[in-house]
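All remarks here apply to the structure that follows.
Position 1 is the first residue of the sequence, and the numbers go up from there.
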Amino acid sequence: MSLTLKIWRQPDAESPGAMHGYQIDDVSPDMSFLEMLDVLNESLNAAGEEPIAFDSDCREGICGMCGLMINGQAHGPEVTTTCQLHMRSFKDGDEIVIEPWRSAAFPVVRDLVVDRSSFDRVIQAGGYISVNTGAAPDAHAVPVPKAKADRAFDAATCIGCGACVAACPNGSASLFVGAKVTHLGELPQGQAERDLRVVNMVGQHDHEGFGGCTNIGECTSSCPKEIPLDVISRLNWDLHAAMRHGL
């Protein structure tokens, strides 16, 4: 395939950015999207030009580092991570627009790389269990109803890629926060800090500059792990409960 790429280039956080056009030929439909960018970078290197910076790590759909806006969609036209998106999803002659995550809370570092440390700070605010439970207990020592265990596991599959934020017109991270609150709040070990956890995490979410949720649903539609929208309901429920308890 031959493709026309329009890619956001920005040398650093302080400098203005702009879209740049590139032509790439002989693209195999079996290439992943990141492999296609690797080929483009090889040609730029050969021409003495600066390669395009983009994030990646595992390239197995696990780590979430590879997030890009592709033709206005988080991770592109398939419900998967960018590294697992293959060029067979496009046609010969297509024009593809590639941008970094769109969020003030994810400032651009360079080109397609953004700083997602705001997610780390939200987790540091309360996305953990610090209660001392001693040594690892036997698997059957702490009874957990299957429905709760299944829901906690489903919420825990969130990889923190940021697609929910990039897709949301408000730039809200409520799906991300809701997944963490639901994951820990469904487990017996998470009950002791349940109220303080949700208050601190929502407070940090707002402090980082993420927007508010208006239940549009773009977040869950773009989530590569298909985190359900009801984790936001759980987030709001726990927040209101904590406020009733005086936090």
Query raised in the report: How are the rings of Phe119 and Phe210 set to each other: parallel, tilted or perpendicular (split at 30° and 60°)?
Result: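 Judged by the thresholds at 30° and 60°, the geometry between Phe119 and Phe210 is tilted.
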Requested in this report: Check the pair Asp120 / Ser117 against side chain to side chain donor-acceptor pair (under 3.5 Å), numbers first and verdict last.
Outcome: CA-CA 5 Å; Asp120 297 333; Ser117 59; 5.5 Å; no
Query raised in the report: Judged by modelled atom types alone, do Arg194 and Gln191 share a side-chain donor-acceptor pair under 3.5 Å?
Result: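 Yes, a side-chain donor-acceptor pair sits under 3.5 Å.
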Side chain [X], main chain [Y], donor-acceptor under 3.5 Å:
{"X": "Asn41", "Y": "Ile52", "answer": "yes"}
{"X": "Gln23", "Y": "Leu3", "answer": "yes"}
{"X": "Asp115", "Y": "Phe106", "answer": "no"}
{"X": "Trp101", "Y": "Ala74", "answer": "no"}
{"X": "His75", "Y": "Thr82", "answer": "yes"}
{"X": "Arg102", "Y": "Met69", "answer": "no"}
{"X": "Ser103", "Y": "Ala166", "answer": "no"}
{"X": "Gln10", "Y": "Val109", "answer": "no"}
{"X": "Ser32", "Y": "Glu35", "answer": "yes"}
{"X": "Arg116", "Y": "Met65", "answer": "yes"}

Would you indicate whether the side-chain heavy atoms of [Y] and [X] approach each other to under 4.5 Å?
{"X": "Asp195", "Y": "Val199", "result": "no"}
{"X": "His205", "Y": "Leu235", "result": "no"}
{"X": "Asp92", "Y": "Ser2", "result": "yes"}
{"X": "Ile216", "Y": "Cys168", "result": "no"}
{"X": "Ile96", "Y": "Met87", "result": "yes"}
{"X": "Val27", "Y": "Val39", "result": "no"}
{"X": "Asp230", "Y": "Trp237", "result": "no"}
{"X": "Ile70", "Y": "Phe90", "result": "yes"}

Requested in this report: Carefully, step by step, assess Asp238 and Arg234 under the rule salt bridge (Lys or Arg N to Asp or Glu O under 4.0 Å).
Outcome: CA-CA 6 Å; Asp238 279 11; Arg234 172 60 185 266; 3.1 Å; yes
Shared hydrophobic cluster, [X] / [Y] (ILVMFWY, side-chain heavy atoms < 4.5 Å):
{"X": "Met201", "Y": "Met243", "result": "yes"}
{"X": "Leu68", "Y": "Met31", "result": "yes"}
{"X": "Val165", "Y": "Val181", "result": "yes"}
{"X": "Trp8", "Y": "Phe33", "result": "yes"}
{"X": "Leu44", "Y": "Met19", "result": "yes"}

Search all heavy atoms of [X] against all heavy atoms of [Y] and return the closest pair with its distance.
{"X": "Pro100", "Y": "Val114", "value": "CB-CG1, 3.7 Å"}
{"X": "Glu208", "Y": "Ala105", "value": "O-CB, 3.7 Å"}
{"X": "Gln204", "Y": "Ala125", "value": "CB-CB, 3.8 Å"}
{"X": "Cys66", "Y": "Cys83", "value": "SG-N, 3.3 Å"}
{"X": "Glu193", "Y": "Ile129", "value": "OE1-CA, 3.5 Å"}
{"X": "Met1", "Y": "Lys91", "value": "SD-C, 3.8 Å"}

Query raised in the report: Does a side-chain N-to-carboxylate-O contact under 4.0 Å join Glu50 and Arg110?
Result: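 Judged by the 4.0 Å cut-off on N to carboxylate O distance, Glu50 and Arg110 do form a salt bridge.
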Taking atom [atom1] of [X] and atom [atom2] of [Y], what is their separation to the nearest 0.5 Å?
{"X": "Ile159", "Y": "Cys58", "atom1": "CD1", "atom2": "SG", "value": "7.5 Å"}
{"X": "Lys225", "Y": "Cys164", "atom1": "NZ", "atom2": "SG", "value": "14.0 Å"}
{"X": "Asn45", "Y": "Leu40", "atom1": "CG", "atom2": "CG", "value": "10.0 Å"}
{"X": "His86", "Y": "Thr80", "atom1": "NE2", "atom2": "OG1", "value": "9.0 Å"}
{"X": "Leu37", "Y": "Glu42", "atom1": "CG", "atom2": "CD", "value": "11.5 Å"}

Report task. Step through the shown structure and confirm whether more than 12 heavy atoms of other residues, nucleotides or ligands are within 6.0 Å of OH on Tyr128. Result ->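 Enclosed.
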Query raised in the report: More than 12 heavy atoms of other residues, nucleotides or ligands under 6.0 Å from NE2 of His207: is that the case?
Result: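 Not more than 12 within 6.0 Å, no.
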Requested in this report: May I have all residue pairs that pass salt bridge (charged side-chain N to carboxylate O under 4.0 Å, His left out) and include part of residues 16-30, sequence neighbours excluded?
Outcome: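 Listed once each, the pairs are Asp30-Arg88.
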**Report entry** Derivation and outcome, side chain to side chain contact (heavy atoms under 4.5 Å, CB included), residues Ile227 and Thr182
**Finding:** CA-CA 11 Å; Ile227 303 296; Thr182 301; over 6 Å; no
Query raised in the report: Looking at residues at least two apart in the chain, or sitting in another chain, which of them share a side chain to side chain donor-acceptor pair (under 3.5 Å) with Glu226?
Result: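 Here no residue qualifies.
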Query raised in the report: Name the one of Val231, Leu229, Ile232 that satisfies side-chain contact (heavy atoms from CB on, under 4.5 Å) with Thr220?
Result: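 That would be Leu229.
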Query raised in the report: Under the criterion side-chain contact (heavy atoms from CB on, under 4.5 Å), which of Ile7, Ile98, Leu34, Asp111 is the partner of Phe54?
Result: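 Going through the options one by one, the only one that passes is Leu34.
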Query - Check against side chain to side chain contact (heavy atoms under 4.5 Å, CB included), Cys161 and Thr81 - result: CA-CA 8 Å; Cys161 66; Thr81 53; 5.7 Å; no
Query raised in the report: Going through the checks in order, is the side chain to side chain contact (heavy atoms under 4.5 Å, CB included) test met by Met36 and Leu5?
Result: CA-CA 11 Å; Met36 181 273 294; Leu5 307 178; 3.6 Å; yes
